[in-house]
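Hydrogens, waters and symmetry mates play no part in the numbers below; they use all other heavy atoms, side chains included. Indexing begins at 1, ligand by ligand and atom by atom, following the structure's order.
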Amino acid sequence: MCGIIGFIGNKNASEIIYNGLKHLEYRGYDSVGVAYIKSKDVVIKKDVGKLNEVNSKLNFLDVKSNIGLGHCRWATTGAVTKENAHPHTDCNNIIVVVHNGIIENYLELKNDLIKKGHNFRSDTDTEVFSHLIEQKMKEGKSFEEACSIASRIIQGTAALVIANTEEEKLIGIKIGSPLVLGVSDFGYFLASDIPAFLNYTKKVIFLKDFEMVVLDKSGYRIYTIDESAKMHETEKKVYTIDWDAEQAEKGSFDHFMIKEILEQVDAISNASIQDVKKLEKFSEKILKSDKIFFVASGTSYHASLVGSYLMNKICGISTIPIIASEFSHYINSINDKTLIIAISQSGETYDVLEAVRLAKNKGAKIFSIVNVNGSTLTWESDDYLLMNCGPEIGVAATKTYSAEIVLLELIACFVAKKFEEGKMKINYLRNIIYNLTSESSRNAIKDIAKFLRDKSNLFLIGRGLLYPTAMEGALKIKEISYIHAEAFAGGELKHGTLSLIEDGVPVIALIDEATKDSTLSNAREVKARKGIVIGVSPFHDEAFDFWIKVPECNNLNPIAFIIPLQLLAYYLAVLRGFDPDKPRNLSKSITVK
Ligand code: AGP
């Protein structure tokens, strides 16, 4: 959803901005641009394409400067063109802006600014911001005042880094989109995400909405902007984060996705290390609430479906999993006795945050499961548990899905007073994941991917805990290999989908001990219609054309069974010539409606 970065200090900005963009590229990769401020002038380089493509054409590194901004774009307003790539400037190239988010009232503002004589050069909403600041400064406001006034005039979401080339200052403003401040002894960083500057500093200040950072070479000042656009200086705590810079690097791996799939051995045990007092709080709240909703999107929603099965199975409590963007349609049943369990890797997903805010307005309590500490969801929640996965860079969520399920299993076990038992099972799963991701297992999956690579449709079936697992497998395959994949509850096949099964149609059947008889009979129905059955299960069956052996892990089957499906999606993408880390049209963190 666009990545933004800014740096000011006494090191060469071009290197810092370029490295930062490399780590932010997962947020948007249809165009990229940089701006460097030098002797009160600005050098802008931008074009359509991925960072390495545009850099080899324009060379982002050949300018020496101490102030810079960068942007990688996931287009929302305005087509993918060079003109629409960021940064954008005012009429006189004094105000330079990079932006992540959507300014909803931009047309109205643009028309008004055009009437006042401003000259627009792009179709973006972002450009409005640079001209609005220019206009306010013309009317006598300081740079800081103009930025704070503009922040209250725009409607929508924005994380902005704004440079003033004459004053050699940077301003960062957060309005609904993520923005963090990095602090080091050689300069200051503003970025959408911590990995952008993790190579340079681990000292971070998390910003809240309507906070504004003013950076010049002497230091930083932070202000809150009140509703009448008045600025109030605030003190903020500097956190030292424990993420390792290496975790945000690909190292010797071809892609982040495969690195992150393999990291699941550790991710599940790291996720299981939780403060018992926090689990107690979650558990008490669950037991006291009248209604419990899970709210999440995409992969995190699939984890919430697993969570709903687990809550029912382990502690007999019913929960309602809802896709975050659908939540507003359930609002009439929310009140102060409702508990919302929001699940989000990024903690910045717009749909999730909107659902949470709606629920809070009705008096509901918000407990969350989040990977990114300091993200907006952590501020919006009454309490939260962290996944402890480190940064997940691949657009396809892998290790955080497993971590989410670990946490949901732990919560359910805590409520059922079976916490130690639950934790032991998670530790036991480590060896299983180690084997499922071993070189020989990977090679076996690669062979199946070779068989499937030219198929245009495939189906997945499962029951119980393996139904959401099938949904998550289908999402992974669609998202990065662009093969149409659809998941069904095994029992639903006969209610319609079976008519699509004919000679050579592949069906991946996920079968565990609990669903053995029923899903096997579905697999046989497929076989009888000449479909190709790929069985994923602890046991073999004659209905299988291919068999991926996965040991029985009972309640943790959703983790064990998703590993081969993540690998299959990965190899399908690679064999079909696609970059699994940067699937077309997508972005890691969806901060728009
Ligand atoms: C999954 O592979 C996705 N890229 C996507 O569905 C993701 O899970 C979804 O956008 C939710 O993100 P979140 O967990 O950061 O809220």
Query raised in the report: Touching ligand 1 at all, K476? Heavy atoms, strictly under 4.0 Å?
Result: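 The answer is yes, since K476 has a heavy atom less than 4.0 Å from ligand 1.
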
Query raised in the report: Can D209 and R357 be counted as an ion pair, charged N to O under 4.0 angstrom?
Result: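 A salt bridge is present here (some side-chain N lies under 4.0 Å from a carboxylate O).
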
Query raised in the report: Should the pair D454-R576 be classified as a salt bridge under the 4.0 Å nitrogen-to-oxygen rule?
Result: no

Query raised in the report: Quick check: does V395 get an N/O under 3.5 Å from an N/O on ligand 1?
Result: yes

Query raised in the report: Any nitrogen or oxygen of G298, main chain or side chain, under 3.5 Å from a nitrogen or oxygen of ligand 1?
Result: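 By distance alone, the answer is no.
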
Which protein heavy atom lies closest to [atom], and at what distance to 0.1 Å?
atom: atom 15 (O) of ligand 1; value: S346 OG, 2.7 Å
atom: atom 8 (O) of ligand 1; value: T299 N, 3.1 Å
atom: atom 10 (O) of ligand 1; value: I590 CG1, 3.9 Å
atom: atom 9 (C) of ligand 1; value: S297 O, 3.7 Å
atom: atom 2 (O) of ligand 1; value: E479 OE1, 2.7 Å

Requested in this report: Quick one: look at E348 and ligand 1, take heavy-atom pairs under 4.0 Å, and tell me if it's side chain, backbone, both or neither.
Outcome: neither

Requested in this report: Heavy-atom distances under 4.0 Å are what count here, so tell me which part of T349 touches ligand 1: side chain, backbone, both or neither.
Outcome: side chain

Query raised in the report: Knowing that exactly one of Q264, E260, K399, E472 qualifies, which makes a side chain to side chain donor-acceptor pair (under 3.5 Å) with Q566?
Result: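 For Q566, the side chain to side chain donor-acceptor pair (under 3.5 Å) test succeeds with only one of Q264, E260, K399, E472, which is Q264.
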
Under 3.5 Å, is there a donor on one side chain and an acceptor on the other for [X] and [Y]?
X: N555; Y: K425; value: no
X: T376; Y: K174; value: yes
X: T515; Y: D512; value: yes

Query raised in the report: Does NZ or CZ of K446 come closer than 6.0 Å to the centre of the six-membered ring of Y570, within 45° of the ring's axis?
Result: no

Report task. Test the R584-Y482 pair against the cation-pi criterion, namely NZ or CZ under 6.0 angstrom from the six-membered ring centroid and within 45° of the ring axis. Result -> yes

Query - Numbering as shown, the atoms of ligand 1 that approach A396 to under 4.0 Å (heavy-atom distance) - result: 2 (O)

